[in-house]
Peer 1: 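Quick one: structure below, then a few questions.
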2 protein chains.
Amino acid sequence: MTSGQSLPQDPEPTLTIAEVAERTGLSHDTLRYYEKAGLIERVGRTTGNQRRYDAADLLWLEFLLRLRDTGMPIAGMQRYARLRARGDVSVADRLAMLREHRAELADRMRALRRNARALDAKIHHYERLLDEQTGTEETT
Amino acid sequence: MTSGQSLPQDPEPTLTIAEVAERTGLSHDTLRYYEKAGLIERVGRTTGNQRRYDAADLLWLEFLLRLRDTGMPIAGMQRYARLRARGDVSVADRLAMLREHRAELADRMRALRRNARALDAKIHHYERLLDEQTGTEETT
DNA sequence: GTAGAACCTGGAGCGCGCTCCAGGTCAAGC
DNA sequence: GCTTGACCTGGAGCGCGCTCCAGGTTCTAC
């Protein structure tokens with residue numbers, strides 16, 4: 001019933017911060033910062049107060065990274081994390097957030113495609129220009 | 001021979017900073033900042049030292065915005081602007097920069113599409129989940 | 001049991017891309 | 001010619017998302 005796809009296997013909190021940093025590409029500092037910022041719910045600890053992450057933490061971090069990489073600011077992720085912490089009652093709100101974020105992403109992707117086409121045009125322009133220059137110089 | 005498409009009409013420097021701000025969406029401060037940073041070559045001035053932009057300035061600004069909006073940092077734009085200032089001899093270098101930038105843009109767009117698909121999956125998951133919840137509550 | 005690496009905390013600092021401010025000059029309308 | 005709003009400059013400040021630091025604790029290997 002609980003998830004567990006495509007990841008290590010242990011549902012137990014066994015990953016050190018260094019291992020999670022390695023897997024997510026985040027730095028130790030960023031992981032601690034995200035936790036302090038409330039993006040990650042309090043991570044498990046050893047008796048000696050060192051963090052031990054589990055597979056679910058890793059999945060959640062990967063999701064956060066998806067939000068981040070699609071342009072959601074930390075404040076947005078905090079809002080989402082707070083909703084998530086409230087459990088199933090917040091599913092509708094989370095869905096609304098995701099839909100809105102998805103729509104903004106679509107807008108930005110459209111804009112990028114427009115700009116990419118314009119860049120392509122400029123590149124082609126320069127390619128032609130260079131061909132001419134080179135041709136001219138060769139005949140000199 | 002000099003350009004002049006799709007824009008006002010006057011090749012003369014007649015646009016005040018306010019007008020350029022309006023057309024580009026940049027603030028007055030940002031326009032001055034870009035000039036100070038060397039992104040825009042010294043803009044024309046009135047005898048009273050006030051800026052007057054011409055159509056070419058506007059085209060260049062629009063191009064800069066395209067670079068910015070596709071993720072090029074200021075330092076990159078500065079490099080490009082310096083090349084441009086050297087004239088035709090730098091066409092090959094500018095082309096190389098544009099190609100590299102275009103390739104990075106393609107990478108980022110690919111990553112965005114991947115992330116967008118993952119978000120869609122999550123959204124659909126929540127939609128199904130919500131349907132179930134709602135259904136359950138209705139029968140209560 | 002001890003060395004050395006990994007980890008902890010709170011808080012300061014940084015790079016980026018602007019944005020704001022103070023204190024002045026200029027221009028357009030009356 | 002005067003007012004008022006737009007503009008000027010140099011430089012300080014800001015919000016974001018980390019990143020670094022000091023000073024201490026814990027873990028691992030020997």
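A note on names: the letters A, B, ... follow the listed sequences, proteins ahead of strands, and every chain is numbered from 1. The figures here come from the full heavy-atom set of this structure, side chains too, leaving out hydrogens, waters and symmetry mates.
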Peer 1: Report the distance from atom CD of A/Glu35 to atom C1' of C/dC8, rounded to the nearest whole Å.
Peer 2: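 Answer to the nearest Å: 11 Å.
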Peer 1: Closer than 4.0 Å, any side-chain N/O of A/His28 to the OP1 or OP2 of C/dC7?
Peer 2: yes
Peer 1: Indicate whether OP1 or OP2 belonging to C/dT9 is found under 4.0 Å from a side-chain N or O atom of A/Arg32.
Peer 2: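 Negative; the distance criterion is not met.
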Peer 1: Does the pair A/Leu112 and B/Leu112 meet the rule for a side-chain contact (heavy atoms from CB on, under 4.5 Å), with working shown?
Peer 2: CA-CA 11 Å; A/Leu112 283 182; B/Leu112 283 182; 3.7 Å; yes
Peer 1: Mind checking if B/Arg51 touches a base, just sugar-phosphate, or nothing, with heavy atoms under 4.0 Å?
Peer 2: sugar-phosphate
Peer 1: What is the distance, rounded to the nearest whole Å, between atom CD1 of A/Ile17 and atom C1' of C/dC8?
Peer 2: 9 Å
Peer 1: Tell me: CG of B/Leu39 to P of C/dC18, nearest whole Å?
Peer 2: 9 Å
Peer 1: Go through D/dC7, D/dC8, C/dC7 for me and flag the one nearest to the B/Ala18 side chain.
Peer 2: D/dC7
Peer 1: For B/Asp107, is there an ion pair with B/Arg110 - N to carboxylate O distance below 4.0 angstrom?
Peer 2: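 Result for this pair is yes, salt bridge flagged.
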Peer 1: Using atom NZ of A/Lys36 as one end and atom P of C/dA12 as the other, report the distance to the nearest whole Å.
Peer 2: 11 Å
Peer 1: Applying side-chain contact (heavy atoms from CB on, under 4.5 Å), run through A/Leu39 and A/Gln78 and close with a yes or a no.
Peer 2: CA-CA 5 Å; A/Leu39 294 185; A/Gln78 285 172 327; 3.6 Å; yes
Peer 1: The side chain of B/Ile74 is closest to which nucleotide in this list: C/dG17, C/dC8, D/dC8?
Peer 2: C/dG17
Peer 1: Does the A/Arg108 side chain pair with the main chain of A/Thr70, one donor and one acceptor, at a distance under 3.5 Å?
Peer 2: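 Yes, A/Arg108 side chain to A/Thr70 backbone: donor-acceptor pair under 3.5 Å.
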Peer 1: Between B/Arg52 and A/Tyr34, which is nearer to the 5' end of DNA chain D once each is assigned its nearest nucleotide?
Peer 2: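 Residue closer to the 5' terminus by nearest nucleotide: B/Arg52.
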Peer 1: Figure out the CG/P separation between A/Leu15 and D/dC27, and round it to whole Å.
Peer 2: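 It works out to 16 Å between those atoms.
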Peer 1: Can you find a side chain N or O atom of A/Thr46 that sits less than 4.0 Å from OP1 or OP2 on D/dC27?
Peer 2: yes
Peer 1: So which nucleotide from D/dT9, D/dT19, C/dC7 ends up closest to the side chain of A/Asp29?
Peer 2: D/dT19
Peer 1: Given atom CE of B/Met72 and atom P of C/dC16, what is their separation to the nearest angstrom?
Peer 2: 15 Å
Peer 1: Taking the basic N atoms (NZ, or NE/NH1/NH2) and the acidic carboxylate oxygens, is any pair closer than 4.0 Å for B/Arg45 and B/Glu35?
Peer 2: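 Yes, this pair counts.
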Peer 1: Could you state the atom-to-atom distance from CD of B/Gln50 to P of C/dC26 in whole Å?
Peer 2: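 Checked: the CD to P distance equals 8 Å.
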Peer 1: Please confirm whether the shortest side-chain N or O distance from B/Thr30 to OP1 or OP2 of C/dT19 is below 4.0 Å.
Peer 2: yes
Peer 1: Take B/Arg68 and B/Thr47, find for each the nucleotide of DNA chain C with the closest heavy atom, and name the residue whose nucleotide sits nearer the 5' end.
Peer 2: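 Comparing both residues, the 5'-ward one is B/Arg68.
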Peer 1: Distance check needed: C/dC18 C1' versus B/Ile40 CD1, whole Å only.
Peer 2: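 After rounding, the reported distance stands at 14 Å.
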